[in-house]
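First comes the structure, then the notes that go with it.
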Amino acid sequence: MSNTNHLLEALEPVVAENLDRHLGMAQEWHPHDYIPWSEGRDFALLGGEDWSPEQSRLSETAKAAMITNLLTEDNLPSYHREIATRFGRDGAWGTWVGRWTAEENRHGIAMRDYLVVTRGVDPVELERARMD
Ligand SMILES: [Fe+2]
């Protein structure tokens with residue numbers, strides 16, 4: 001058994017205890033609650049207007065920060081693969097990996113919905129960057 005596996009095994013009870021503590025006190029939240037949907041409107045494909053820079057109320061710094069943060073969240077499948085491969089999908093570690101992945105996905109949902117609805121950044125550029 002590798003040193004890493006020994007370490008993960010040794011930490012399993014600590015993970016189990018803290019996972020239980022977290023799940024016992026975590027308050028459910030929903031990304032849609034944080035999106036100002038009334039500000040949204042159709043894009044050109046559905047008869048509306050496509051994005052243009054003057055529509056954004058974000059500073060260049062805020063745009064760069066939001067795009068970087070969202071692309072980091074969008075890379076979640078890769079993180080999940082790496083973590084699940086190393087930590088496994090059984091026991092407390094496995095439960096934690098699944099829970100962490102689902103929670104992180106919420107962050108991406110909230111940020112993407114917010115940016116698209118408020119036209120904060122170019123959604124085409126954002127999607128191309130995500131695909132890359
Ligand atoms: Fe996150």
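Computed from a prediction, not measured in an experiment: that's the story for all the values here.
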So [Y] and [X], do their side chains get closer than 4.5 Å, heavy atoms only?
| X | Y | answer |
| --- | --- | --- |
| Trp51 | Leu126 | no |
| Leu45 | Phe43 | no |
| Glu39 | Arg57 | yes |
| Trp100 | His80 | no |

If I take atom OG1 from residue Thr101 and atom CD1 from residue Ile83, how far apart are they, to the nearest 0.5 angstrom?
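Reported value, rounded in 0.5 Å steps: 6.5 Å.
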Starting at NE2 of His30, measure out to CD1 of Ile35 and round the result to the nearest 0.5 Å.
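That separation rounds to 13.5 Å.
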Mind checking whether Leu7 and Val15 sit in one hydrophobic cluster, side chains of I, L, V, M, F, W, Y counted as touching below 4.5 Å?
yes
Are Leu71 and Leu58 connected into the same hydrophobic cluster when the rule is that any two of I, L, V, M, F, W, Y join if their side-chain heavy atoms are below 4.5 Å apart?
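Yes.
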Supply the members, apart from Trp29, of the Ile/Leu/Val/Met/Phe/Trp/Tyr cluster built from side-chain contacts under 4.5 Å; use none for a lone residue.
Tyr34
Report, one line per pair, each donor and acceptor closer than 3.5 Å where one atom sits in a side chain of residues 87-95; sequence neighbours left out.
unit_1 : atom_1 : unit_2 : atom_2 : d
Trp93  : NE1    : Leu8   : O      : 2.9
Thr95  : OG1    : Gly91  : O      : 3.1

Please find the pair of heavy atoms, one from Glu9 and one from Pro13, that lie closest to each other, and give the distance.
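Answer, listing the atom of Glu9 first, then Pro13: O-CD, 3.8 Å.
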Using atom types as modelled, flag every donor-acceptor pair under 3.5 Å from a side chain in residues 108-123 to any protein atom, sequence neighbours excluded.
unit_1 : atom_1 : unit_2 : atom_2 : d
Arg112 : NH1    : Asp74  : OD1    : 3.3
Arg112 : NH2    : Asp74  : OD1    : 3.0
Arg112 : NH2    : Asp74  : OD2    : 2.6
Thr118 : OG1    : Tyr114 : O      : 2.6
Arg119 : NH1    : Glu49  : O      : 2.7
Arg119 : NH1    : Asp50  : O      : 3.4
Arg119 : NH1    : Gln55  : OE1    : 3.2
Arg119 : NH2    : Arg41  : O      : 3.4
Arg119 : NH2    : Asp42  : O      : 2.9
Arg119 : NH2    : Glu49  : O      : 2.9
Asp122 : OD1    : Val124 : N      : 2.9
Asp122 : OD1    : Glu125 : N      : 3.4

Charged N-O contact under 4.0 Å between Arg21 and Glu17
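Glu17 and Arg21: not salt-bridged.
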Would you say the side chains of Glu104 and His107 form a donor-acceptor pair under 3.5 Å?
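The answer is yes; a qualifying pair exists.
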Taking Tyr79 for the side chain and Thr72 for the main chain, is one N or O donor matched with an acceptor at less than 3.5 Å?
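Pair found, side chain donor or acceptor close to backbone of Thr72.
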